[in-house]
Peer 1: 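One structure, pasted below without further comment.
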2 protein chains.
Amino acid sequence: MATIKDVAKLAGVSVATVSRYLSGASKLTTSTEAKVKGAIETLSYRPNIMARSLSQSRSDMLMVLVSGVSSPFISNLLSAFSKPASARGYKVLLAETSMDQKIEATYIEALRSRLADGFVQLSAHLHPEMLDKKHTIPFVNVCECLPEATYPTVQIDDKRAAKQITEFLISLGHREIACLVGLYNDQYRSPVTVKRLDGFRDALDGNDIEFHAEWMLQGDYTTDSGVQAAQTIAEMKQRPTAVFCASDTMAIGLIRGLANLGINVPDDISVTGFDDIEMAKYTVPSLTTIRQPVEKIANAAINNLIDIIEEKAHVRQHVTIEHELILRGSTRRL
Amino acid sequence: MATIKDVAKLAGVSVATVSRYLSGASKLTTSTEAKVKGAIETLSYRPNIMARSLSQSRSDMLMVLVSGVSSPFISNLLSAFSKPASARGYKVLLAETSMDQKIEATYIEALRSRLADGFVQLSAHLHPEMLDKKHTIPFVNVCECLPEATYPTVQIDDKRAAKQITEFLISLGHREIACLVGLYNDQYRSPVTVKRLDGFRDALDGNDIEFHAEWMLQGDYTTDSGVQAAQTIAEMKQRPTAVFCASDTMAIGLIRGLANLGINVPDDISVTGFDDIEMAKYTVPSLTTIRQPVEKIANAAINNLIDIIEEKAHVRQHVTIEHELILRGSTRRL
DNA sequence: CTGAAAGCGCTTACAG
DNA sequence: CTGAAAGCGCTTACAG
């Protein structure tokens, strides 16, 4: 690999001049400019970004920390980060931890040593080092955020969305409504699960509908867990007439599981999803769900993050993105 | 941020000693070790990986270049890279180009200046700079590979897999078989599309079945394009009894589209997919398809890449991973 | 407009 | 076992 020194030598100028040519900030004589340009081309020289980052102490990179990329909602969200970052001169690097503590730790190390100028965190579990004020690096927490977060967040109003779609079910005449949420026990409950369950219960309360504990099913946001929930519902002495699911993936599994057991959606049971993944349009029946606008979420996250990095004045601490209720075929009037 | 100098000063030793403590390679006195350890802790020091990479001219990072992460098959594959990399002490950084030339160029720049020690390329379109022997950096091309590739590749035998699943349709008595592949014209045809189509045609040829050009439908691997193909099939004067699809996503769209038009799968038409994404089990009907084992592909790719980087002797140039025919509900005997 | 030199935060022979 | 010093490839005041 050719270095800036090689270029300088070949062009017959100093490395400082080459550096200036590269940055484009200062003016050069037309002749020196031509010499440098020629040397760069014949050597097919590319600056070493590690060296550049080291001397500038910034890398123009943003990292996105995520535990897994295979959920459809997450992967759609991930797709939306590059464009807004690129528009402001930053690259984005996705780091997926596969739920592995060690792997996550290596990314945190990388972050602490300034591999990136800042990061987007897609889970609520923030590494303690990041919260330590002494050496925190800029970040914004997206989608899975603790309600008491004292750092920047971007998310939809999960509670309100859950309440809204549940109220829609109620408006169709349903009063026997089960819910299928994520894990919810003393060991583990994600912020999103808590908020969506809260919204669900709020809707029930507001309509004088009793909450049946036995109708609260727990999954893990996978389609498989939806299939399992179908089994549980089929075995109930008293079945609900509708099920609020905290994700499309679980709703899809639920519908499929119910179908296998001879229970039809929406004729026998109405089902709602959450997220509006692409597949939600194509399942049979298609899903009534809440759309989370991934582009808007990603744009807000990236722009906020860059504002923080560049210390702009107008940084918004907590950003709420509007969701949308999408009506399709998985729900019907009772 | 504390630097190695700060640690050295606080511990009362030289920076070299701190560096040695960090690398763990050389032995230190128990007392100096304790002093350094203490200093690192009180300063909560973390080495700057940019500086380290610069002086070692390696970063222990691997980059995965991908045009988009939202296809289910791709996102599953991406999830599988971290573990094998981590096992050998490397981090993986995913870089998604969103099909944007400029964004891709910035990643290529980063690569050329050694942001990573090597990369995995998930598309056949290799940046010319990477093929230029003068300054190539280690990489392996995965899944979408040109047949004439002179660089390391890892993939299944797409042609054989396509042939096999088509022969399965034929064994069920089908002879009127359409296919739904990716774009295939003079402007653009991906290697995978070409190979799967070849395999399909081979199976037809081997069974004296004529290939009908009008039964060759083109999509773009999205579910939407499958839905559109359904429309085309419905309008045909003579309809096929089976359709070979080059991806599960297109097959799912096709089935959904046919259902909307009152055409039942598999009763009226049998449909096969390709990839075996998670959703393939949950569609109605579930998909008969070819499974591409993503973990094996990712393992082979990462280990091969690291072998190349570390200049191991046993690097395999072209690796073929075994696929698997999965029989489910979307196909039936004619 | 251009150059010499110091500095970014590490690592690594070379001595001792 | 430990330290002084050079070097990795850039950028950036400071002079001229």
Side-chain angles (χ1 to χ4, degrees), chain A residues 1-37 39-40 43-61 89 109-117 135 137, chain B residues 1-37 39-40 43-61 89 109-117 135 137:
Chain A
M1 292 288 303
T3 71
I4 197 171
K5 247 182 186 163
D6 301 321
V7 175
K9 192 181 302 175
L10 185 64
V13 300
S14 72
V15 295
T17 300
V18 178
S19 178
R20 287 188 189 104
Y21 171 83
L22 258 16
S23 79
S26 0
K27 315 207 171 302
L28 306 187
T29 316
T30 333
S31 77
T32 58
E33 186 168 322
K35 282 187 290 182
V36 175
K37 193 176 176 188
I40 287 177
L43 293 172
S44 69
Y45 164 77
R46 292 289 177 287
N48 179 313
I49 56 169
M50 306 297 254
R52 172 176 288 175
S53 300
L54 183 59
S55 62
Q56 289 191 142
S57 64
R58 44 191 277 274
S59 61
D60 294 332
M61 296 204 260
E109 291 269 298
L111 241 14
R112 286 225 24 206
S113 55
R114 313 250 86 159
L115 205 216
D117 298 335
H135 35 59
I137 81 161
Chain B
M1 290 288 302
T3 72
I4 197 171
K5 246 183 185 163
D6 302 321
V7 175
K9 192 181 301 172
L10 184 63
V13 300
S14 72
V15 295
T17 301
V18 178
S19 178
R20 287 187 190 105
Y21 171 84
L22 258 17
S23 79
S26 359
K27 314 208 172 302
L28 306 186
T29 317
T30 334
S31 76
T32 57
E33 187 168 323
K35 282 187 291 182
V36 175
K37 194 175 173 190
I40 287 177
L43 293 172
S44 69
Y45 164 78
R46 292 291 177 288
N48 179 314
I49 56 170
M50 306 299 252
R52 173 176 288 174
S53 301
L54 183 59
S55 62
Q56 290 190 143
S57 63
R58 44 190 276 275
S59 61
D60 294 333
M61 296 205 260
E109 290 267 296
L111 241 13
R112 286 223 24 204
S113 56
R114 313 250 84 158
L115 204 216
D117 298 334
H135 36 59
I137 81 161

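Computed from a predicted model, the values in this text were never measured in an experiment. Letters go in sequence order (proteins before strands), and every chain restarts at 1. Basis for what follows: all heavy atoms, side chains included, without hydrogens, waters or symmetry-related copies.
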Peer 1: Ignoring hydrogens, what is the shortest heavy-atom contact between R114(A) and M50(B)? Give both atom names and the distance.
Peer 2: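 Closest pair (atom of R114(A), atom of M50(B), distance): O-CG, 4.0 Å.
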
Peer 1: Please give, in whole Å, the distance from dC10(D) C1' to Y45(A) OH?
Peer 2: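 That distance rounds to 7 Å.
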
Peer 1: OP1, OP2 of dC1(D) versus side-chain N and O of Y21(B): anything below 4.0 Å?
Peer 2: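 For Y21(B), the contact criterion (side-chain N or O under 4.0 Å from OP1 or OP2 of dC1(D)) is not met.
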
Peer 1: Send over the distance from R20(A) CZ to dA15(D) C1', rounded to a whole Å.
Peer 2: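 Rounding to the nearest Å, CZ of R20(A) and C1' of dA15(D) are 11 Å apart.
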
Peer 1: May I ask you to evaluate whether T32(B) reaches the phosphate of dC1(D), defined as a side-chain N or O under 4.0 Å from OP1 or OP2?
Peer 2: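 For T32(B), the contact criterion (side-chain N or O under 4.0 Å from OP1 or OP2 of dC1(D)) is not met.
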
Peer 1: Is T29(B) near enough to dT2(D) that one of its side-chain N or O atoms lies under 4.0 angstrom from OP1 or OP2?
Peer 2: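 Indeed, a polar side-chain atom of T29(B) lies that close.
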
Peer 1: How is L28(A) classified with respect to the nucleic acid when contacts are heavy atoms under 4.0 Å: base, sugar-phosphate, or nothing?
Peer 2: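 Counting heavy atoms under 4.0 Å across all strands, the contact made by L28(A) is with sugar-phosphate only.
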
Peer 1: For R58(B), which contact category applies under a 4.0 Å heavy-atom criterion: base, sugar-phosphate, or nothing?
Peer 2: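 No contact.
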
Peer 1: Partner lookup for dA4(D), please. Criteria are Watson-Crick or G-U wobble with both distances under 3.5 angstrom; report none if nothing qualifies.
Peer 2: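 With both distances under 3.5 Å required, dA4(D) matches none.
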
Peer 1: Return the minimal non-hydrogen interatomic distance between S59(B) and L115(B), and the atom names on each side.
Peer 2: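 Result for this residue pair: OG-O, 3.1 Å.
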
Peer 1: Please compare S31(A) and V15(A) by the position of their nearest nucleotide in DNA chain C and report the one closer to 5'.
Peer 2: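 Checking each residue's closest nucleotide, the 5'-ward one belongs to S31(A).
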
Peer 1: Given dG3(C), is OP1 or OP2 found less than 4.0 Å from the side-chain N or O atoms of S14(A)?
Peer 2: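 Yes.
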
Peer 1: Over all heavy atoms of both residues, which pair between A116(B) and I137(B) is shortest? Give the atoms and the distance, please.
Peer 2: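 Minimum heavy-atom contact is O-CD1, 4.2 Å.
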
Peer 1: Send over the distance from K5(B) NZ to dC10(C) P, rounded to a whole Å.
Peer 2: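 Between P of dC10(C) and NZ of K5(B): 10 Å.
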
Peer 1: Can a donor-acceptor pair under 3.5 Å be found between the side-chain atoms of R46(A) and the base atoms of dG9(D)?
Peer 2: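 For R46(A), whose side chain was compared with the base of dG9(D), there is no donor-acceptor pair (under 3.5 Å).
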
Peer 1: So, is T17(A) close to the dG3(C) phosphate, meaning a side-chain N or O under 4.0 Å from OP1 or OP2?
Peer 2: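 Answer yes for this pair, as a side-chain N or O of T17(A) is under 4.0 Å from OP1 or OP2.
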
Peer 1: Starting at CG of L43(A) and ending at P of dG9(D), how long is that distance when rounded to a whole Å?
Peer 2: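 L43(A) atom CG is separated from dG9(D) atom P by 14 Å.
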
Peer 1: Which comes earlier along DNA chain D counting from the 5' end, the contact point of L22(A) or that of S57(B), where each point is its nearest nucleotide?
Peer 2: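 Mapping each residue to its closest nucleotide by heavy atoms, the 5'-most match is S57(B).
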
Peer 1: Kindly say if T3(A) contacts the phosphate of dG9(D), meaning a side-chain N or O under 4.0 Å from OP1 or OP2.
Peer 2: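 No.
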
Peer 1: Can you find a side chain N or O atom of Q56(B) that sits less than 4.0 Å from OP1 or OP2 on dC8(D)?
Peer 2: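 It does not, given that no N or O in the side chain of Q56(B) lies less than 4.0 Å from OP1 or OP2 of dC8(D).
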
Peer 1: Check the distance between dT11(D)'s P and N48(A)'s CG and give it to me in whole angstrom.
Peer 2: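 Taking atom P of dT11(D) as the reference, CG of N48(A) is at 10 Å.
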
Peer 1: Give a yes/no answer on whether the side chain of S19(A) brings an N or O atom under 4.0 Å of OP1 or OP2 in dT11(D).
Peer 2: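 So the side-chain polar atoms of S19(A) do come within 4.0 Å of the phosphate oxygens OP1 or OP2 of dT11(D), strictly under.
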
Peer 1: If we call it a pair only when both distances are under 3.5 Å in a Watson-Crick or G-U wobble match, what pairs with dA13(C)?
Peer 2: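 Check on dA13(C): unpaired, no WC or wobble geometry under 3.5 Å.
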
Peer 1: Could you check how far CD1 of I49(A) sits from P of dC8(D), rounded to whole Å?
Peer 2: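 Atom CD1 in I49(A) sits about 19 Å away from atom P in dC8(D).
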
Peer 1: Whole-Å distance between dT11(C) P and M50(B) CE?
Peer 2: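 In whole Å, dT11(C) P and M50(B) CE are 15 Å from each other.
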
Peer 1: Okay, side chain of T29(A), backbone of S31(A): is any donor-acceptor separation there less than 3.5 Å?
Peer 2: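 Such a contact is absent between T29(A) side chain and S31(A) backbone.
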
Peer 1: I need the CG-C1' distance between L54(A) and dG9(C), as an integer number of Å.
Peer 2: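 For the pair L54(A) CG and dG9(C) C1', the rounded distance is 5 Å.
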
Peer 1: Any donor-acceptor pair under 3.5 Å between the side chain of R114(A) and the base of dG9(C)?
Peer 2: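 In this structure, the two groups form no donor-acceptor pair.
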
Peer 1: Taking for each residue the nucleotide of DNA chain C with the nearest heavy atom, is it A51(B) or A16(B) whose nucleotide lies nearer the 5' end?
Peer 2: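 Between the two, 5'-proximity favours A51(B).
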
Peer 1: Is the shortest side-chain heavy-atom distance between V7(A) and V15(A) below 4.5 Å?
Peer 2: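 No - every pair of side-chain heavy atoms lies 4.5 Å or more apart.
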
Peer 1: Hey, does the side chain of S14(A) reach the backbone of T17(A) with a donor-acceptor pair shorter than 3.5 angstrom?
Peer 2: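 Confirmed, S14(A) side chain pairs with T17(A) backbone.
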
